Colleague: 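Starting off with a structure, shown below.
Labels below follow one simple rule: chain letters A, B, ... track the order of the sequence lines, proteins then strands, and each chain is numbered from 1. Note that the structure is a prediction, hence the values are computed from the model and not measured.
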Amino acid sequence: MKTENEIRVRFAPSPTGYIHVGNARTALFNWLFARQKGGVFVLRVEDTDIERSREEYERNLIQDLRWLGLDWDEGPDVGGKFGPYRQSERLDLYHRYAAKLLEEGKAYYCFCTPEELESQRQAALAEGRMPVYSGRCRNISLDEARRRLSAGEEGAIRLKVPEEGLIQFEDLVRGPVEFDLKLIGDPIIVRSNGMPAYNYAVVVDDALMNITHVIRGEDHVSNTPRQILLYQALGWKQPVFAHLSMVMGKDNTRLSKRHGATSVDQFRRDGILAEALCNYLSFLGWSPPEGNEVLRLEELVKLFDLSRVSRSAAIFDYEKLHWLNRQHIRLLPAEKKLELALPYLREAGLAGPELSPAQREWLEKAVTILVEGVDKFSELPQKFSLLFDFEPENLDQEARDIIQTDSARKVLGAFIQKTSGLKEFNYELFAALTGEIKKETGIKGKDLFHPLRVALTARASGLELDKFIPLVEAGAKLDFPQRIKSCLERIAEISSILRK
RNA sequence: GCCCCUGUCGUCUAGCCCGGCCUAGGACAUCGCCCUUUCAAGGCGGCAACACGGGUUCGAAUCCCGUCGGGGGCGCCA
């Protein structure tokens with residue numbers, strides 16, 4: 001089924017921590033590109049930095065990407081015909097091609113110590129030059145290098161780069177890009193500890209995995225000429241490159257914890273929908289041609305266009321993410337809303353581990369009503385406190401002011417009196433009673449309803465009472481970990497407080 | 001310090017390549033109004049930008065140069 005011009009892209013994170021939204025955007029753009037073009041999306045784990053890579057991070061990474069709704073056709077967990085997909089398992093490949101480059105005189109051993117290199121770099125910086133490797137070990141013959149190696153010296157392998165010339169390439173988002181070779185020193189391709197350097201490993205992997213399009217962050221543009229040089233030295237066809245601008249925080253510095261949530265994991269915990277996150281991430285540097293901006297993954301696949309991607313950095317806007325999240329939540333069916341809300345309600349102690357059918361039904365109704373206007377699911381328990389918490393002795397100033405007016409006292413007095421003998425309460429009854437009070441006292445509108453709201457909710461604002469009362473009445477009959485007080489109980493409490 | 005990239009409403013952006021259709025469009029945020037017994041949601045409307053300075057041109061957001069701002073890079077990190 002593999003055709004000659006099959007498009008193959010890859011996302012190649014290093015497992016050194018939780019996946020950042022900037023990386024998630026890169027993954028998403030690769031995925032959208034692949035899916036739109038009917039191509040292949042490869043996940044490759046770049047774990048050659050032994051110091052920082054950890055196995056659990058790889059699991060998190062996979063979990064986060066799957067949660068986002070991105071799937072890959074080849075990868076460490078699903079296999080594929082170009083594997084292995086973990087760089088740590090491809091070491092022999094890197095060594096094989098390094099040996100070839102060495103044999104052909106395109107690479108050489110370098111015995112300069114890190115200290116020497118560092119002082120050269122400092123010297124160059126001090127003189128206002130670009131620090132470029134001096135090429136001191138360039139002319140050490142392979143034979144001599146081998147002797148020194150077997151004598152116990154440590155050496156790294158460097159690629160020989162022409163001293164003059166231009167490296168040019170066409171970047172799918174940045175247009176034509178060129179680099180002066182004078183500013184590029186011979187890069188290390190294999191470290192003295194035997195591990196491949198990033199620039200080298202990527203090239204070997206991308207080439208051997210037949211990657212046709214490399215879509216990655218802007219921080220890699222300056223690596224690109226070195227990598228192109230490597231493709232040339234190895235006689236491989238180079239892929240098409242596309243470099244995405246960075247994602248910044250409000251103050252125009254790289255997005256970090258200071259700015260708020262930054263990891264996919266954290267957004268998930270906060271109750272941001274995967275679809276909303278993807279929708280938002282796709283808008284960082286890109287925008288749909290026209291029309292609706294609330295888009296699901298499949299719609300993004302249709303509309304996405306790399307050539308429309310902006311070259312300048314984008315600032316991450318939590319407000320817009322939240323708006324999109326609200327829109328996506330709204331599109332969810334009620335049972336899905338409940339399913340997503342339940343963990344937050346349980347954690348807040350509002351729902352037990354087991355739900356009776358009646359409880360489930362009630363919660364579904366309550367969630368559907370209360371989730372309106374909520375930025376993310378983690379805010380839901382707060383909203384639920386309107387139903388679960390009733391503390392008339394702790395009224396805030398606003399609520400207190402509302403019930404302290406003369407007309408409010410009149411309204412409440414009448415209301416308490418009319419409800420005193422009641423066994424049952426419901427919204428119809430409430431409507432009838434307020435009608436009577438209106439007729440008897442002449443008080444209407446806000447002056448009539450606002451005190452009653454405070455009496456029933458102990459708050460100055462909240463749900464519409466025609467939604468609130470049925471919900472509270474039904475909820476009071478159910479056995480929740482934290483009991484909901486019925487309207488009549490609430491009225492009794494408030495009347496005893498008013499008497500004081 | 002040096003090299004490269006980038007600069008349209010507060011934010012994401014459309015328009016820029018192929019100058020006039022731009023009194024610069026959309027979305028988020030904000031403000032106001034409507035709806036509503038409050039809030040929210042929703043509907044309607046308002047405020048708000050071509051970084052600056054020079055050119056080129058009959059005409060520039062669009063082309064050229066410079067300045068300034070922002071970002072990225074300059075590793076035996078990825």
Colleague: Are A/Tyr280 and A/His328 an aromatic pair, judged by ring center distance below 6.0 Å?
Modeller: no
Colleague: Have a look at A/Glu464 and say if it touches a base, only the backbone sugar-phosphate, or nothing, with a 4.0 Å heavy-atom cut-off.
Modeller: base
Colleague: Please determine whether any donor N or O and acceptor N or O are separated by less than 3.5 Å between the side chain of A/Ser222 and the base of B/C74.
Modeller: no
Colleague: Side-chain N or O of A/Arg311 versus OP1/OP2 of B/G70: is the shortest distance under 4.0 Å?
Modeller: no
Colleague: Using a 4.0 Å heavy-atom cut-off, does A/Leu125 contact any base of the nucleic acid, only the sugar-phosphate backbone, or nothing at all?
Modeller: base
Colleague: Would you indicate whether the side-chain heavy atoms of A/Leu321 and A/Phe267 approach each other to under 4.5 Å?
Modeller: yes
Colleague: Remember a base hit wins even if backbone is also touched, and classify A/His322 as base, sugar-phosphate or nothing at under 4.0 Å, heavy atoms.
Modeller: nothing
Colleague: Taking all atoms of both residues into account, what is the closest heavy-atom pair of A/Ser14 and A/Glu46, and its distance?
Modeller: CB-O, 3.0 Å
Colleague: Looking at every strand, decide which applies to A/Arg459 at a 4.0 Å heavy-atom threshold: base, sugar-phosphate, or nothing.
Modeller: nothing
Colleague: Regarding A/Thr48, tell me which of base, sugar-phosphate or nothing describes its non-hydrogen contacts under 4.0 Å with the strands shown.
Modeller: sugar-phosphate
Colleague: Between the base of B/U37 and the ring of A/Phe449 - centre-to-centre under 5.5 Å, planes within under 30° - is that a stack?
Modeller: yes
Colleague: If you check the A/Met130 side chain, which of B/C76, B/A27, B/C74 turns out closest?
Modeller: B/C74
Colleague: Taking the side chain of A/Lys250 as heavy atoms from C-beta outward, which of B/U13, B/A27, B/U11 is closest to it?
Modeller: B/U11
Colleague: Taking any heavy-atom pair under 4.0 Å as a contact, classify A/Gly285: base, sugar-phosphate, or nothing.
Modeller: sugar-phosphate
Colleague: Hey, would you say the A/His213 and A/Phe33 ring centroids sit under 6.0 Å apart?
Modeller: yes
Colleague: Suppose you measure atom C1' in B/A61 against the same atom in B/A14; what distance do you get, rounded to whole Å?
Modeller: 12 Å
Colleague: Applying the Watson-Crick and G-U wobble criteria at under 3.5 Å, what pairs with B/G75? Answer none if nothing qualifies.
Modeller: none
Colleague: Just to be sure I understand the rule, does A/Met246 reach a base, reach only the sugar-phosphate, or reach nothing, if contact means heavy atoms closer than 4.0 Å?
Modeller: sugar-phosphate
Colleague: Nearest to the side chain of A/Phe283, heavy atoms from C-beta on, is which of B/C12, B/A41, B/G72?
Modeller: B/C12
